[in-house]
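Notes follow the structure.
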Number of protein chains: 2
Amino acid sequence: MTTGSAERRGEAVPLRLKKSERRRQILLELKLQPHVRNGDLAERFGVSSETIRRDFDALSGEGLIQRATGGAYAPAHGHHPSLDERSAAHVAERDRIGRRAAALVADGETLMVDSGSTTIAFARALAILGTRCTVLTNSIPVAMTLATGEGIAIRLCPGDYLPAESALVGTDTLDFIDRFNVDRCFIGASAISAEGPSEAVQGFAAVKRRMLKRAACGHLLIGSAKFGRKGLARVAGFADLDSIVVDRAPEGELAAALAVSGTDILVAQ
Amino acid sequence: MTTGSAERRGEAVPLRLKKSERRRQILLELKLQPHVRNGDLAERFGVSSETIRRDFDALSGEGLIQRATGGAYAPAHGHHPSLDERSAAHVAERDRIGRRAAALVADGETLMVDSGSTTIAFARALAILGTRCTVLTNSIPVAMTLATGEGIAIRLCPGDYLPAESALVGTDTLDFIDRFNVDRCFIGASAISAEGPSEAVQGFAAVKRRMLKRAACGHLLIGSAKFGRKGLARVAGFADLDSIVVDRAPEGELAAALAVSGTDILVAQ
DNA sequence: TAGGGAACGATGGATTTGCCACAAAACTGT
DNA sequence: ACAGTTTTGTGGCAAATCCATCGTTCCCTA
């Protein structure tokens, strides 16, 4: 009668899971809780904490989790930072741009804010300033960031949930945006050329366009690293933008195009 | 002109922040990143790591953050777990209930899912099962949890963002729900008595009611710890529910009321 | 049934982190 | 200006964690 390994243990011990299944559960757990502890998981799966540590190593190698002493956590609110957005230089850029843009907002104004890493930086700056305002957004990280500030009313768009960006897109989103009129809107873009800003994700381009249409004043937040590049879908012409907020003044063709359309250029810091 | 302490240091050293400001920034940072390290913050603010530790202590005392070895993290996706929901026993309960409820869903069905810790457990079970379906929800954690599963289309409701629960409420939410018809809806509640389920947060009660109305089949997910209690706002009568999913069969008045209405009782495990 | 390989557990020393108590510094109100 | 309070820094020690290594167990396949 050999083993019968489950019976031999005979306990309420959770029966031994395969490695892959255990790792899948770790990832799922991280969707529930932002942080898991090494020891807790070891106990729950009935394995040694060394094994969990090895799981962490493997998963973090694939970029699915991030490690911290004593545990692991999910990578940034489900919002995938593509490689180039990781460098410290770009973080500083975005912070400066975000602060400059937030300074444009006056108490009592209504805003629309788009999805993207630059607009998250903007949201953060706005929350720090403590400007009282109403914000409509299709980005979950933006909503969560703004929620730390006092006196900011947040309205989230409906739509199809896009996990990679934690944002909402689709016709529901567009229809919803159409129902509002706001003082300003703040959008990002994945590229900007003399023809105007463009966006890699097509669903986003439509949202940005719609926001610009419903706002009295449109602001584009974009880092100089994206100057002169072109994305898949054109978002708008410069005529639709009242100002662009950048970390460095544009030059050449781009500067000329902006001059023609009369778009203000706000250089952060 | 005396000191000019910032000048005396003369460095790019970030000028000394007040305690309250530093703590506010820590909270903001946690909206951006799910996890912060003690050492990183110490360096960034130019204070000792012991100070950061004290900040962590204070903030976690207020329930604003949770601590982990080497750092701190935001409390469960911005979703406040009230004390009684923390015990391991209740976690196990909810897991069982979630799995039982997820088994009800067939491939290709359309669902509505409400906000709450039990429905998050349901979402997790559904994602693990890998059932292909379309889900409409007003809960951000539910949306994020479901996003791990393959083949699940997620549609999020619009509405006013409620940071404490990471959920959406208000007339926008209700109007949106009204536009859909689904096969099933899964809701939670903060209490259940012979009169029916009730809810502590009034905005939620309206959402739950509306979801029940638009679904061919309504399921209530609730732990036995909530039996016999009453919340602020009544959600529905048992006649509106096709089944309740519980971890233990109800008794007495509650059982009698359920028998009268013919509501199925599904006991998990 | 035996062999091979992967997964896991155990051990021990280096490192990190937590925690406590006391001292220095900054801030506050009079 | 001064005294008291609050906040922060420092040092030492205990505990937890990390990491590399090695032996064992389990599973799969020939």
Side-chain angles (χ1 to χ4, degrees), chain A residues 1-11 13-27 29-30 33-62 64-74, chain B residues 1-11 13-27 29-30 33-75:
Chain A
M1 29 83 90
T2 69
T3 61
S5 75
E7 199 184 30
R8 178 163 51 93
R9 293 199 179 82
E11 309 292 343
V13 170
L15 60 106
R16 189 62 145 282
L17 298 168
K18 284 187 199 164
K19 184 181 65 170
S20 61
E21 176 59 19
R22 193 181 52 232
R23 292 187 179 171
R24 223 181 90 190
Q25 298 236 8
I26 292 176
L27 290 177
E29 187 66 29
L30 276 174
Q33 273 190 316
H35 188 271
V36 291
R37 295 189 195 225
N38 189 323
D40 291 349
L41 290 176
E43 187 179 351
R44 168 166 155 193
F45 293 127
V47 298
S48 81
S49 72
E50 276 305 288
T51 299
I52 301 295
R53 232 180 55 75
R54 280 188 268 252
D55 289 339
F56 285 171
D57 277 342
L59 292 172
S60 94
E62 298 176 48
L64 298 173
I65 66 170
Q66 291 195 247
R67 300 210 46 182
T69 22
Y73 55 97
Chain B
M1 24 81 87
T2 68
T3 62
S5 76
E7 198 185 31
R8 178 163 50 93
R9 293 197 180 82
E11 309 291 344
V13 170
L15 60 107
R16 189 61 146 282
L17 299 167
K18 283 188 200 166
K19 184 182 68 168
S20 60
E21 177 60 18
R22 193 180 53 233
R23 293 186 178 172
R24 224 180 91 188
Q25 298 234 10
I26 291 175
L27 290 177
E29 188 65 29
L30 276 174
Q33 272 188 314
H35 183 103
V36 291
R37 296 188 197 224
N38 189 323
D40 291 348
L41 290 176
E43 187 179 351
R44 167 167 157 194
F45 293 127
V47 299
S48 80
S49 71
E50 188 65 9
T51 300
I52 301 295
R53 224 183 56 77
R54 282 188 268 249
D55 289 339
F56 285 171
D57 276 342
L59 292 172
S60 92
E62 298 175 49
L64 298 172
I65 66 170
Q66 292 195 246
R67 303 209 46 182
T69 339
Y73 56 97

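Just so you know, these numbers come straight off a predicted model, no measurement behind them. All chains are named by letter (A, B, ...) in the order of the sequence lines, taking the proteins before the strands, and each is independently numbered beginning at 1.
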What distance separates B:Asn38 CG from B:Arg53 CZ, expressed to the nearest 0.5 Å? 8.0 Å
If I compare all heavy atoms of B:Thr69 with all of A:Gly70, which pair ends up nearest, and what's the gap? OG1-CA, 4.3 Å
Separation of C:dA7 C1' from A:Phe56 CZ (nearest whole Å): 17 Å
Here the pair of heavy atoms bringing B:His35 nearest to B:Gly71 is NE2-CA, 4.3 Å
Could you go through nucleotides 14-17 of chain C and list every protein N or O atom that sits under 3.5 Å from one of its N or O atoms, giving the distance for each pair?
unit_1	atom_1	unit_2	atom_2	d
C:dT17	O3'	B:Gly70	N	3.3

Length of the line joining A:Arg23:CZ and C:dC8:C1', which is rounded to integer Å: 12 Å
B:Val47 side chain: which of C:dC19, C:dC8, D:dG9 is closest? D:dG9
For B:Arg37, what residues pass the salt bridge (Lys or Arg N to Asp or Glu O under 4.0 Å) criterion, not counting sequence neighbours? none
So, does B:Ser48 get its side chain near the phosphate of D:dG9, meaning an N or O under 4.0 Å from OP1 or OP2? yes
From CZ of B:Arg67 across to P of D:dT17 the rounded distance in Å is 13 Å
Whole Å only: how far is the CG atom of B:Leu41 from the P atom of D:dG9? 13 Å
Whole-Å distance between D:dT17 C1' and A:Asp55 CG? 17 Å
Residue set satisfying side chain to side chain donor-acceptor pair (under 3.5 Å) with A:Asp55, at least two apart, ordered chain then number -> A:Arg22, A:Arg23
Rounded to the nearest 0.5 Å, the CZ atom of B:Arg67 sits from the CG atom of B:Asp57 at a distance of 4.5 Å
Going by salt bridge (Lys or Arg N to Asp or Glu O under 4.0 Å), name the residues that satisfy it together with B:Asp40, two or more places apart in sequence or in a different chain. none
Listing time: all N or O pairs from protein to nucleotides 22-25 of chain C that are below 3.5 Å?
none

Residues two or more places apart in sequence or in another chain: which of them pass salt bridge (Lys or Arg N to Asp or Glu O under 4.0 Å) with A:Arg54? none
Winner on side-chain proximity to A:Arg53, out of C:dC19, D:dC18, C:dG9, is D:dC18
Holding to side chain to side chain donor-acceptor pair (under 3.5 Å), I want the full list of residues that pass it with B:Ser48, two or more places apart in sequence or in another chain. B:Thr51
If I take atom CD1 in residue A:Ile52 and atom P in nucleotide D:dA16, what distance separates them, rounded to the nearest angstrom? 18 Å
Axis bend over the full length of the helix from C:dT1-D:dA30 to C:dT30-D:dA1, computed from five pairs that close each end, to 10 degrees: 50°
Hey, what do you get for CZ (B:Phe45) to CD (B:Gln25), rounding to the nearest 0.5 Å? 5.0 Å
Donor/acceptor link under 3.5 angstrom from B:Glu50 side chain onto base of C:dC20: yes
Length of the CG-P vector between A:Asp57 and D:dC19, whole Å: 7 Å
Among all residues two or more places apart in sequence or in another chain, which pass the side chain to side chain donor-acceptor pair (under 3.5 Å) test with A:Arg24? none
